[in-house]
Structure formats: C-alpha cells, structure tokens
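Chain letters run A, B, ... following the sequence lines, proteins first and then strands; every chain starts at 1.
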Amino acid sequence: MQDGTSARQEIALRTGGRGRRPDSARLRRLNILVGALSLPLFVGLWELVSRSGAVNMVLFPPPTVVAAAVLEWIRSGQFLGDLLASLFRVTTGFIVGGVLGILLGILTGQFPVMSSLLSPLFHILRPIPPIAFVPIVILWFGLSEAGKLFLVVWGVFFTVWLSTHIGVQKVDRGLIRAALMLGTPRRQMLQEIVLLGALPYIVVGLRTAVSISFYTLVAAELAGTFAGIVYRIEIAQQNLQTGQVMGGLAALGLVSFIADRLFSALAERTVWWR
Amino acid sequence: MKLALASSPASVESAPKQPAIQVSNLSIVFDSNRGQTIAVDRVSFDVAPGEFVCIAGPSGCGKSTLLNTIAGLEVPFEGDILVEGSRVYSPRPDVGMVFQQPHLFPWKSVRRNIAHGPRMLGKSRTEANAIADDLIAMVGLKRFADAYPNTLSGGMQQRVAIARALANQPRVLLMDEPFGALDAQTRAVMQDNLLELRDRIKATIVFVTHDIDEAIVLADRVLIMSAGPGRILREVAVKLPRPRSSYVMVEPTYLSLKKDCLDVIRAEGLRAFNQSDAS
Ligand SMILES: Nc1ncnc2c1ncn2[C@@H]1O[C@H](COP(=O)(O)OP(=O)(O)O)[C@@H](O)[C@H]1O
Ligand SMILES: [Mg+2]
C-alpha cells in the first residue's frame, strides 16, 4: 500500500510540470532549498541569540566558540585518543554482544528446551536499562575497561538475542517442508534454511543495537574512565568549558550518525535478495 | 536415465507391475484441545506407475493431510502406505512435492533453487546447475535463471517450484493444489504446461485440487473425496485421449464425465445437508 502510494507520488514528481500535479516539481525544489538552509539558519540564529546578551554566554556559547573549542581539542591530540577509546568500547562491545546474542538467539529459537531454560531469565533482565547497572559494575570491575565493555555488551546482547530468537521462530515452516522434500538433511536445516530465513530479523536487531551501544557508552564513560568522548564532555563540564561540552556532544552525534549510516548500508547488502 | 534411488531397483525389476503408490486403510486423526478431528477416514487406493491421478474434494476434506502423509511429512497415521514398494516414514528424494504456495527459497536465484535438491543429494555444483538449466528451459524461464523469486509472478514462481521438485528426478510427484492461488487465465496456461511436461517426464503424479474441471482435464483417473471425515466416494476413469490440452473441456466426452462427477458430489452434498438437518 505504502510503497504503491510513494511510487505514484514519485512518478507525479518526476513527470513534474507535465504531470497532473504541476505544482509538485516546484514544491520539491522548495523543499530541497529549505532543507539545505535548515542547518545554517539554525547555527546563525544560535550565534545571534548567544551574542545578543539575552543569555549567559558562558553557559550558552555561540557556535564560533564551540568550533574554536573543537579545533583546540583536535590540535591538542586529545580528540584522537578520546575518539579511539570510545570507538574501541563501542565496537568491541557491539561485536561481543552481537555474537553472543546471535548464538543464544539461535539456540533458544531452535531448541524449545533451551528456550524454556533461558527465555524467562532473559525476559526479566532485558527491560532493566543498562545504565542502572553502573553502580554494580563499578563494584565488580572498578574503573577497568572490562566494566565499560560489560555495559555495552549487556545493552547490545538482549536486543540482538530477542530479534534472532524471533527471526528463527518465524522461519516459514513451508520452506522447511520444501527443503525436507528435496532431501535436505535435518542437521543441515540450520545452515541451509533457518539462518538465512532469520537473517532479515537479525540485521534489524543489529541495527537497533548500534544506537543502543552508543547509549550504553555514555553510561559506561560516565561511570569513570580516563579517555573517551563522553569522558571529555564530563571533564569540560566540571571546568565550565561549555564550548567543549557542546563540541563533545556534536562529535558524539556525528560519530553515532556515521555508524548508523554505515551499518544500514552494510545491512542492505547483507539481505541480498531483497 | 541415471537415477540413483533410495528404494532398491532390484525389487522394482522383480515386480514390474507393482503399483507406484499403495494406500490401504489410511486414517489420520488430529488431536486438538477441542477434541479429535478425523481428517482422513479409512482411505484405500492404488496408483499405477506413470499414472496421473487427481484427488478432488471440497476444502477441508483432508486432501493436504492425505498428500503430506504420502510425502512422509505427516506422522503418525494408521494404516499402510507403500511408495515404490517401501513403507513411508519420512520424506524421501524419490518423492517430489509441489505445494499450494511455491515456498521458494527467497535468498536463492531460480537456478540455485532448482539446483538445491541435486546439491543435497551430493551432486557437484556444476552437475546441479546443468540439471537446473535443463529444467529452466523446460518450464520456459531461461530469461529468469538468475532472478530472485520475489521478482517473479505467481505463475512463474509455481513453475520454478515444479522444476525444483523435478530436479531430483522423483519417481512420484505429489502436487497439492499447485494452481489454486493463480488467476483463471494463468491457471489454464499452467495446466497445459503441466500436461506437456507430463508427457516428457515419467513420474507418477498425484494431483490434489478442489476444482473438478482441473481434475478431469489433467487426470487419467479422478478420486472424488467427501468432507469431514475425508473418504473417497468414487473413482472416475478419464478416458480422454492424450496428448491433451485444456481444450478437451469442449468435447462431449468431457461433459459426460463432468456430469458423472457432479452427480456424485451433489448426492453427497444432499446427504450431508439432510444429516445436518436431522441432527
Ligand atoms: N495440524 C493440524 N492439526 C489439527 N487439525 C488439522 C491439522 N491439519 C489439518 N487439520 C484438519 O484436518 C482437516 C483436513 O485439512 P486439510 O488436509 O488441510 O484439508 P484440505 O487440504 O482438503 O483443504 C481439516 O478439518 C483441518 O482443520
Ligand atoms: Mg489443502
């Protein structure tokens, strides 16, 4: 339904002036223009408001001050260290949590006994926000890197586990019957049918887990560390370097945006038959 | 024909006139929380080697259950089923199946879908692809060999499913309303395709349908089933000449056969109606 409508709209847009809706081409051009202006307008307004004297410039620095702080951050060499520390936590946590989630998801999805054993436990643990584990993680791991990893893994694992579990369970029984009739041995069913059938679900779970790994990164770095983007934000806050705080936020936003885009590009290729 | 068969070829040679399928006193009962459903009730019939038998009956009368059981997909059951002389316990490669839904592997191209069976039976990729390409040509899908199922129409998907089922060179081909989800025009084309195919392959075919016309056009023999519990009411031999096409529908012999079938179905309908009226 939705696809049909959007396709029709697109045709109307492409045929533009000659189509039945002569305004749509102009409307589209206007939208692109407004879209391109959105950020500059916002930044300009911010600069004006900050410098107008209506607000406290220390607490609400203009973009130029933020940019200067970011440049200084990069030049001092701290930025690279912070970026690498954060990326390392996110990627290792994502990979470990993702692999565990997929493995256990296949186990619980495929074998009812495993599901009876583990699903109740997972369903109780899953809704607890990972941030709530910060205090106990500090008790268990102190300020070590293992504690940071634990938090990210925790956040990623449940999302990936659940989507894999559901994906495996939703594999079309008809495909399995068809495969059986073609001589597929039952022990090969997992690799031939189940994994591929569940793949679209697994990919969606992993994609959700990308943003979750960044949420949990924040909690992990606030729990105390010595490098990282969120760590830098916290230090800057303690020194009332608001420009640096905002620069850190922008950096975090940009990094997680890029990670999400990269992953979705990758995901589209993973489910190659769509 | 280089057929590697699961059942021993020796037994087939020593008893050449043995039926391809023997169903005797088959009953299948489903237990559910609302009690028992007798899906198939003491059904017996034989199918000769190379014969094309259609099982026709209203939906819900147990046709799919019957066919799945012959395929080895439905256990347990009461009674006895012999395919090519040996008992059925589980799916076996000399029995092929085409379902109402194509159930193609969405992640495999048309060629890979068809090559799947031979691959599973241990053929090399090259051998399997060669088998697939032959069948692709046979069902007229050469242009779509590398296409993925979701880009094909329903009719084309079902042709791939038929080719896929034939790739293991089954002795017996079971078809469960394979054209049931297609529009009338496509369906007529598919019936003609199947009639043509059938003259080239040597498989015994059991074809299930709720459409009495389809049954008569295709079959050598039509078994008419009744609903709840599923029983076989009557056998109608279809003595229409082969090679055949859906054009037989305009012949007088066809009409008299159809009348025979409709009489049976009507009598059964009246009986069921009176019974429900009385209770
Ligand atoms: N797995 C099952 N569990 C319980 N009842 C079933 C099951 N499969 C089929 N049935 C019942 O068996 C009867 C025959 O079903 P089916 O073989 O699908 O009929 P048909 O293919 O002729 O439409 C129906 O009443 C159906 O509800
Ligand atoms: Mg059915």
Side-chain angles (χ1 to χ4, degrees), chain A residues 1-7 10-11 102 105-106 109-110 112 163-164 166-207 264-274, chain B residues 4-6 64 67-68 70-74 90-110 112-123 128 132 146-152 157 160-170 172-176:
Chain A
M1 262 309 263
Q2 230 168 358
D3 280 344
T5 327
S6 69
E10 211 171 312
I11 288 163
I102 292 172
I106 292 169
Q110 185 79 332
S163 59
T164 307
I166 291 173
V168 168
Q169 297 225 304
K170 285 215 166 160
V171 171
D172 185 358
R173 298 292 115 185
L175 289 184
I176 294 187
R177 293 185 144 213
L180 279 174
M181 288 312 297
L182 293 169
T184 316
R186 278 192 188 273
R187 73 196 129 76
Q188 245 164 286
M189 210 49 86
L190 189 70
Q191 70 191 71
E192 289 291 336
I193 309 296
V194 177
L195 282 187
L196 287 160
L199 191 60
Y201 288 85
I202 298 176
V203 166
V204 168
L206 286 173
R207 171 138 194 226
S264 75
L266 200 73
E268 238 153 69
R269 242 153 268 181
T270 313
V271 187
W272 68 88
W273 60 90
R274 287 275 166 90
Chain B
L5 288 178
S64 296
L67 215 57
N68 287 336
I70 299 173
L73 288 169
E74 201 83 68
S90 59
R92 40 193 267 193
D94 61 334
V95 178
M97 178 100 160
V98 180
F99 302 87
Q100 179 165 2
Q101 302 302 321
H103 291 316
L104 299 177
F105 308 126
W107 47 84
K108 287 187 188 234
S109 66
V110 166
R112 287 281 175 88
N113 259 285
I114 301 173
H116 179 86
R119 287 289 287 153
M120 289 298 120
L121 298 192
K123 293 244 185 345
D146 295 307
Y148 283 92
N150 66 350
T151 63
L152 304 180
Q157 290 189 22
V160 177
I162 294 171
R164 184 176 65 170
L166 292 176
N168 283 345
Q169 295 191 299
V172 170
L173 182 62
L174 307 173
M175 307 181 84
D176 188 0

**OP:** Provide the closest heavy-atom pair for A:Pro185 versus B:Met120 in the form atom of the first, atom of the second, distance.
**Re:** CD-SD, 3.9 Å

Original post:
Between A:Met181 and B:Gly96, which heavy-atom pair has the shortest distance, and what is it?
Top reply: CE-C, 4.4 Å

Subject >> Qualifying residues under side chain to side chain donor-acceptor pair (under 3.5 Å), relative to B:Asp176, sequence neighbours excluded >> reply: B:Ser64

Original post:
Which bit of B:Arg164 is near chain A, if near means a heavy-atom gap under 4.5 Å: side chain, backbone, both or neither?
Top reply: both

**OP:** Sequence neighbours left out, what passes side chain to side chain donor-acceptor pair (under 3.5 Å) with B:Asn150? Give chain and number order.
**Re:** none

Subject >> chain A contacts, top residue of B:Arg119, B:Gln101, B:Met97 (heavy-atom pairs, under 4.5 Å) >> reply: B:Met97

**OP:** Determine which residues belonging to residues 267-274 of chain A lie within contact range of chain B, meaning some heavy atom pair is under 4.5 Å apart, and list them by number or answer 'none'.
**Re:** A:Trp272, A:Trp273, A:Arg274

**OP:** Decide yes or no for A:Leu175 and B:Pro106: does some side-chain heavy atom of the first lie under 4.5 Å from some side-chain heavy atom of the second?
**Re:** yes

**OP:** Flag the pair A:Arg177 / B:Asn68 as yes when at least one side-chain heavy-atom distance between them is below 4.5 Å, and no otherwise.
**Re:** yes

**OP:** Sort B:Leu104 into side chain, backbone, both or neither according to what part of it lies under 4.5 angstrom from a heavy atom of chain A.
**Re:** backbone

Original post:
In terms of heavy-atom proximity below 4.5 Å to chain A, should B:Phe105 be classed as side chain, backbone, both, or neither?
Top reply: both

Original post:
If you look only at pairs with a residue in residues 186-201 of chain A, which of them pass as a side chain to side chain donor-acceptor pair (under 3.5 Å), with sequence neighbours excluded?
Top reply: none

Original post:
Tell me, do A:Thr184 and B:His116 make a side-chain contact under 4.5 Å, heavy atoms counted?
Top reply: yes

Original post:
Side chain, backbone, both or neither: which part of A:Leu199 has a non-hydrogen atom closer than 4.5 Å to chain B?
Top reply: neither

